[in-house]
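I have placed the structure first, in the form of structure tokens, so that the comments after it can refer back to it.
Please read all numbers here as calculations on a predicted model, not as lab measurements. Just follow the structure's listing: the first ligand is 1, and inside any ligand the first atom is 1. What you see below is based on every heavy atom in this structure, not just the backbone, and it leaves out hydrogens, waters and symmetry mates.
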Amino acid sequence: MKILITGGAGFVGSSLAIALKTNYPSYEIFCLDNLKRKGSELNVSRLTQAGITYVHGDIRSKEDFDSLPAVDAVIEASAEPSVLAGLDGTPDYLINTNLFGTVNCLNYALKHKADFIFLSTSRVYPIKTIETLNFVEEETRFSLTDDQPVKGVSSKGIAEDFPLDGARSLYGTTKLASELLIQEYNEFYGLRTIINRCGVITGPWQMGKVDQGVMVLWIAKHYWEQQLGYFGYGGTGKQTRDMLHVADLYRLIDWQLHNIDQVNGEILNAGGGVESSTSLQELTQICQEVTGKTIPIKQVPETRTADIRMYITDNSKVTRLTGWKPEIGVRQIVEEITEWLDQNNKALEPILK
Ligand SMILES: NC(=O)c1ccc[n+]([C@@H]2O[C@H](COP(=O)([O-])OP(=O)(O)OC[C@H]3O[C@@H](n4cnc5c(N)ncnc54)[C@H](O)[C@@H]3O)[C@@H](O)[C@H]2O)c1
């Protein structure tokens, strides 16, 4: 098999590439990336050492696809992945990459009749609708209830039939617009496609920053003993997310690559689920236990733009169709990321500290 992974030097792309090459040494894997994300440059030598071909290129440029060989599958994992991107009035890079760039990836896949696996996001679900969901305020977190004003949501989380009307951030919109085009290519050009709407993905080699990669950011701030803040929702740190370890995501993508006929054309929510979820407050507790450090955390009551109180993935559909479910819980994720910080302290300090 020959596989192109766009955004292949990014966190998800490089993790998938290295896991695939490790499990299938005969596969030829090409990782295309423009190294826009700070820290992605650290992955280039990891890719080459693993026997993967790194190609410096930009998905916004059609010509950058011309030098690539024919492949059997494309995993589209490039993006400007920040939910805040473009909200300051400069959306060009975001739209040109996340939407028009995806079109270039689709056309390349079509040219070579390659299967197309897309990393979409839970951020396609509208902010206001999520913010009006019924929840209970527990001692350390917010939780969804079963009684809800809209379909597609229960205490298990948000499912694929959650209503899509309403604003969702420019990031979420570029992903949703890409999803719509992917469905057209599937229906009218016969491209075999899968869309994975992922919640928070995390793990070692994520270059966490304030607006993307909160898990690594939270652990790194503990590790280097810097300040953090609970922003919004009363400033108590009860906002809750599910966390998907990238190794769990890999098992799903591996299955999809090899069984695409069984899920061709599907849209699948994929995340850590309730079992692998945490509030910021709970995460702080785990970080203190794992790193042995306690840091100051300021309380800021005002809610940040485009933030949401909670997001939990309902994995029912993906589990029913593929048998996949996540296995790695929050504590193990924190332990693995802390170990990774320990082992790569010098290289990571200028990026994460
Ligand atoms: N990490 C998460 O929590 C999460 C959750 C849901 C969906 N996703 C999606 O998964 C994919 C991977 O995200 P990630 O967390 O690895 O982010 P990342 O920033 O680590 O990786 C994205 C990579 O794309 C590259 N890139 C950006 N613009 C490019 C361009 N124009 N041409 C070529 N390369 C370009 C970046 O340099 C980076 O290496 C993205 O599509 C993202 O939207 C991520």
Side-chain angles (χ1 to χ4, degrees), residues 4-18 30-44 46-47 54-65 68 74-85 92-105 108 116-125 168-179 182 195-209 211-217 241-246 248-250 252-253 268-272 276 311 313 333 337 351-352:
L4 171 68
I5 303 181
T6 51
F11 161 55
V12 171
S14 64
S15 304
L16 295 179
I18 291 169
F30 302 86
C31 283
L32 180 104
D33 204 295
N34 69 353
L35 303 184
K36 173 80 171 15
R37 178 74 178 257
K38 193 177 168 197
S40 288
E41 66 282 0
L42 296 182
N43 286 322
V44 174
R46 294 177 64 232
L47 294 170
Y54 168 70
V55 181
H56 188 88
D58 196 309
I59 67 161
R60 294 172 298 167
S61 157
K62 275 192 250 171
E63 292 75 16
D64 284 3
F65 288 85
L68 293 169
V74 175
I75 301 172
E76 218 293 66
S78 67
E80 166 47 72
S82 168
V83 76
L84 297 181
D92 288 348
Y93 186 83
L94 173 81
I95 295 172
N96 290 333
T97 293
N98 293 13
L99 179 54
F100 300 135
T102 305
V103 175
N104 289 333
C105 297
Y108 167 78
F116 193 85
I117 297 180
F118 185 59
L119 268 297
S120 189
T121 170
S122 57
R123 283 299 192 154
V124 298
Y125 299 118
R168 54 185 57 77
S169 77
L170 286 159
Y171 166 66
T173 295
T174 55
K175 288 290 192 175
L176 183 61
S178 295
E179 285 190 9
I182 291 166
I195 292 165
N196 294 295
R197 286 181 182 160
C198 298
V200 176
I201 311 167
T202 189
W205 296 103
Q206 182 172 39
M207 304 301 162
K209 51 187 183 129
D211 51 337
Q212 207 253 356
V214 67
M215 188 77 157
V216 166
L217 175 87
R241 301 286 188 274
D242 60 344
M243 305 280 169
L244 179 63
H245 192 299
V246 72
D248 273 332
L249 175 67
Y250 166 74
L252 177 64
I253 302 293
L268 303 170
N269 281 4
S276 179
Y311 186 88
T313 309
I333 295 173
I337 291 172
I351 295 158
L352 296 175

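- Which of Ser78, Gly7, Ala79, Ser61 comes nearest to atom 27 (C) of ligand 1 through a heavy atom is settled by distance: it is Ala79.
- Under a 4.0 Å heavy-atom criterion, Gly39 is not in contact with ligand 1.
- A side-chain N or O of Thr313 and one of Asp242 form a donor-acceptor pair less than 3.5 Å apart.
- Nearest residue to atom 22 (C) of ligand 1 from Gly13, Pro81, Ala77 is Ala77 (criterion: closest heavy atom).
- Counting heavy atoms under 4.0 Å from ligand 1, residue Tyr93 touches it through the side chain alone.
- For atom 42 (C) of ligand 1, the closest heavy atom belonging to the protein is Tyr171 OH, 3.6 Å.
- Contacts between Leu35 and ligand 1, counted as non-hydrogen atom pairs separated by less than 4.0 Å, involve the backbone only.
- Here's the thing with Glu76: none of its N/O atoms is less than 3.5 angstrom from an N/O atom of ligand 1.
- Across Pro204 and His245, no two heavy atoms sit closer than the pair CD-NE2, 4.1 Å.
- Counting heavy atoms under 4.0 Å from ligand 1, residue Thr97 touches it through the side chain alone.
- Looking at Val200 next to ligand 1, no N or O pair under 3.5 Å apart turns up.
- With a 4.0 Å heavy-atom cut-off, ligand 1 is reached by no atom of Met207.
- For atom 39 (O) of ligand 1, the nearest non-hydrogen atom from the set Asn43, Asp33, Val44 comes from Asp33.
- When heavy-atom distances to ligand 1 are checked against a 4.0 Å cut-off, Ser40 comes that close only through its side chain, counted from C-beta outward.
- In terms of protein heavy-atom proximity, atom 14 (P) of ligand 1 is nearest to Val12 CG2, 3.9 Å.
- Judged purely by distance below 3.5 Å, without hydrogens or angles, the side chains of Tyr125 and Arg197 pair a donor atom with an acceptor atom.
- In this structure, atom 21 (O) of ligand 1 lies nearest to the protein heavy atom Gly10 CA, 3.4 Å.
- Compare Gly8, Cys198, Cys31 by their heavy atoms: the one nearest to atom 6 (C) of ligand 1 is in Cys198.
- For ligand 1, none of its N or O atoms has an N or O atom of Glu80 under 3.5 Å away.
- Taking each of Gln212, Gln206, His56 in turn, the one with a heavy atom nearest to atom 15 (O) of ligand 1 proves to be Gln212.
- Backbone and side-chain nitrogen or oxygen atoms of Ile59 are examined, and one is located within less than 3.5 angstrom of a nitrogen or oxygen of ligand 1.
- In this structure, Lys62 does not pair ionically with Asp64, as no charged nitrogen and carboxylate oxygen lie closer than 4.0 Å.
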- [ ] Might you work through the side-chain hydrogen bond (donor to acceptor under 3.5 Å, both in side chains) test for Glu179 and Ser120, ending with a clear yes or no?
- [x] CA-CA 8 Å; Glu179 285 190 9; Ser120 189; 2.6 Å; yes
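- Between the choices Gly208, Gly101, Ser120, the shortest heavy-atom distance to atom 7 (C) of ligand 1 belongs to Ser120.
- Under 4.0 angstrom from ligand 1, there are no non-hydrogen atoms of Arg123.
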